[in-house]
Amino acid sequence: MSSVKIECIASEGYGIGESPVWDEKEGALLCVDIAGRKVCRWSSLTGQVQAISVDAPVSSVALRKSGDYVITLGTRFAALKWKEQLVTTIAHVEKDKPNNRFNDGKVDPAGRYFAGTMAEEVRPAVLERHQGSLYTLFSDFSVVKHFDQVDISNGLDWSLDHKTFFYIDSLSYSVDAFDYDIQTGKIANRRSVYRPEKEESIPDGMCVDTEGKLWVACYNGGRVIRLDPETGKRLQTVKLPVDKTTSCCFGGKDYSEMYVTSASYGMDKEWLSRQPQAGGIFKITGLGVKGVPPYPFAG
């Protein structure tokens, strides 16, 4: 096992850093600060972070085949032109739920954008229950709702053979799997593949590696864990210097680096003084595994 190294590459102090995604063309890491209403891009060449402010909580960002990005903003799917700093709405869900917002989102191997909603939090992980749903935005901009009664719609990814969709509803304290039909984007047969240990706390963002194993960021658990979805066993734990680890992705030249976002929302002065890097972005090297490049939205 090569030696694992963790460094804070951007101590931005994000309220809720989320949705890291590698932009190979730019040699950059994209992410969002939900609470700060910003889409951010860290350049691996300059080490600098650029940010675009938006008019609502922005919860996920994804690449777009035609260039630039797509985001989930409030309860809208939207397009983001980076240079022009221009946001245009693609589709709007849950207009009848003004207290809801999107949370995590990701593009499937066929170019569909999956994202789920939740009620706004009163405090971290405290909110009106069962208000969220899971949606897919198709390339023709139509939207399909898969199911509702979700608490905090979170991590999502697909197996290497594209036959399984993995999903986390954080307050169910479970990493779930569904049968996946890549032709239609339909999901079925939900089951649990992993239930976190007490010290792992709340399962949050997630990504898959080239061996088909899952990596899950543990909110309030200060770690990312590697799971085998076939056996339900935890294979590895990597602890970080912050408690509120929110999500993870692979990136870098050969996708051998892991990037982890974190949050500072809900931490008091004393807690922040113990964890000055809370809300920062971390790079983990030496894991000995590589990740799968992100899929771009086809629309």
Side-chain angles (χ1 to χ4, degrees), residues 16 18-19 32 34-35 56-62 70-78 91-108 112-138 142-158 164-181 185-196 200-208 214 216-221 227 229 244 246-248 261 263 265-266:
I16 309 172
E18 260 289 2
S19 182
V32 299
I34 302 176
V58 55
S59 60
S60 73
V61 57
V70 281
I71 57 176
T72 46
L73 182 68
T75 50
R76 290 170 285 157
F77 286 102
H92 202 163
V93 303
E94 301 187 3
K95 289 181 186 174
D96 58 332
K97 290 192 168 183
N99 191 42
N100 270 21
R101 66 163 172 83
F102 268 115
N103 201 39
D104 209 352
K106 195 171 280 183
V107 176
D108 85 342
R112 307 176 189 100
Y113 194 3
F114 275 64
T117 55
M118 60 183 276
E120 276 287 6
E121 293 168 299
V122 185
R123 298 191 300 283
V126 178
L127 70 164
E128 195 182 342
R129 304 285 300 260
H130 312 313
Q131 295 304 301
S133 299
L134 181 70
Y135 297 92
T136 298
L137 175 70
F138 285 76
S142 62
V143 176
V144 164
K145 177 166 138 179
H146 296 282
F147 51 80
D148 53 17
Q149 298 292 309
V150 174
D151 286 325
I152 300 180
S153 190
N154 239 323
L156 48 185
D157 216 331
W158 289 264
T164 308
F165 167 59
F166 298 106
Y167 175 71
I168 292 169
D169 176 356
S170 286
L171 296 189
S172 71
Y173 293 92
S174 174
V175 180
D176 291 351
F178 294 80
D179 298 339
Y180 194 63
D181 184 334
K186 287 201 168 99
I187 59 177
N189 185 26
R190 185 174 189 168
R191 60 231 179 239
S192 176
V193 293
Y194 183 78
R195 294 197 177 276
E200 292 164 355
S201 205
I202 302 173
D204 200 328
M206 169 169 60
C207 66
V208 69
L214 301 177
V216 178
C218 300
Y219 183 82
N220 284 346
L227 314 173
K244 294 183 180 290
T246 52
S247 192
C248 51
T261 48
Y265 172 58

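Computed from a prediction, not measured in an experiment: that's the story for all the values here.
Heavy atoms only, all atoms of each residue included: Ser247 and Glu18 are closest at CB-OE1, 3.3 Å. Residues Gly74 and Ala56 share a closest heavy-atom pair of N-CB, 4.0 Å. Closest of all the heavy-atom pairs between Tyr265 and Tyr219 is O-OH, 4.3 Å. Taking all atoms of both residues into account, the shortest heavy-atom contact from Asn154 to Ser170 is ND2-OG, 2.8 Å. Nearest heavy atoms, Leu171 versus Ala125: CD1-O, 4.0 Å. Between Gly266 and Pro124, the shortest heavy-atom distance links the atoms CA-CG, 3.8 Å.
Side-chain N/O atoms of His146 and Ser133 include no donor and acceptor closer than 3.5 Å. At a cut-off of 3.5 Å, with distance as the only test, a side-chain donor of Thr246 or Thr261 sits close to an acceptor on the other residue.
Inter-residue side-chain proximity for Met118 and Gln131 is flagged as unmet; no heavy-atom pair is nearer than 4.5 Å. Annotation: side chain of Thr164 is not in contact with side chain of Tyr180 (no heavy-atom distance under 4.5 Å). With a 4.5 Å cut-off on side-chain heavy atoms, Met206 and Val175 count as touching. Using a 4.5 Å cut-off on side-chain heavy atoms (C-beta onward), Glu120 and Asn100 make no contact. Counting only heavy atoms from C-beta outward, the side chains of Glu200 and Arg195 never approach each other to under 4.5 Å. Between Leu134 and Ile187, the closest side-chain pair of non-hydrogen atoms falls below 4.5 Å. Here the side chains of Val70 and Phe77 are not in contact, with every heavy-atom distance at 4.5 Å or above. In this structure, the side chains of Ile71 and Val32 stay at 4.5 Å or more apart for every pair of heavy atoms.
In this structure, NE2 on His130 lies 5.0 Å from CG on Asp151, to the nearest 0.5 angstrom. With rounding to the nearest 0.5 Å, the separation of OG1 in Thr75 from NZ in Lys97 is 11.0 Å. Distance CZ/Phe178 to CZ/Arg191: 9.0 Å, rounded to 0.5 Å. Here the CG-CG distance, from Asp179 to Asn189, works out to 4.5 Å after rounding to the nearest 0.5 Å.
When the salt bridge (Lys or Arg N to Asp or Glu O under 4.0 Å) test is applied to Glu94, no partner is found at least two apart in sequence or on another chain.
Remark: the backbone N or O of Ile34 is not paired with any side-chain donor or acceptor of Ser59 at under 3.5 angstrom. Judged by distance alone, the side chain of Lys106 and the main-chain N or O of Leu156 form a donor-acceptor pair under 3.5 Å. In this structure, the side chain of Ser153 does not engage the main chain of Asn103 through any donor-acceptor pair within 3.5 Å. Checked by atom type and distance alone, the side chain of Asp169 pairs as donor or acceptor with a backbone atom of Ile152 at under 3.5 Å. Looking only at distances, no side-chain donor or acceptor of Asp157 sits under 3.5 Å from a matching main-chain atom of Phe166.
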Give the C-alpha distance, both sets of side-chain angles, the deciding distance and a yes or no for side-chain contact (heavy atoms from CB on, under 4.5 Å) between Glu121 and Val126. CA-CA 6 Å; Glu121 293 168 299; Val126 178; 6.0 Å; no
Carefully, step by step, assess Tyr113 and Thr72 under the rule side-chain contact (heavy atoms from CB on, under 4.5 Å). CA-CA 10 Å; Tyr113 194 3; Thr72 46; 3.7 Å; yes
Steps toward side-chain contact (heavy atoms from CB on, under 4.5 Å) verdict (Val193, Leu227): CA-CA 9 Å; Val193 293; Leu227 314 173; 6.0 Å; no
What's the verdict on side-chain contact (heavy atoms from CB on, under 4.5 Å) for Leu214 and Tyr194, showing C-alpha distance, side-chain angles and the deciding distance? CA-CA 10 Å; Leu214 301 177; Tyr194 183 78; over 6 Å; no
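Under the 4.0 Å criterion applied to side-chain N and carboxylate O atoms, Asp181 and Lys186 are not assigned as salt-bridge partners.
Ring centroid separation for the pair Phe114 and Tyr167 does not come in under the 6.0 Å cut-off.
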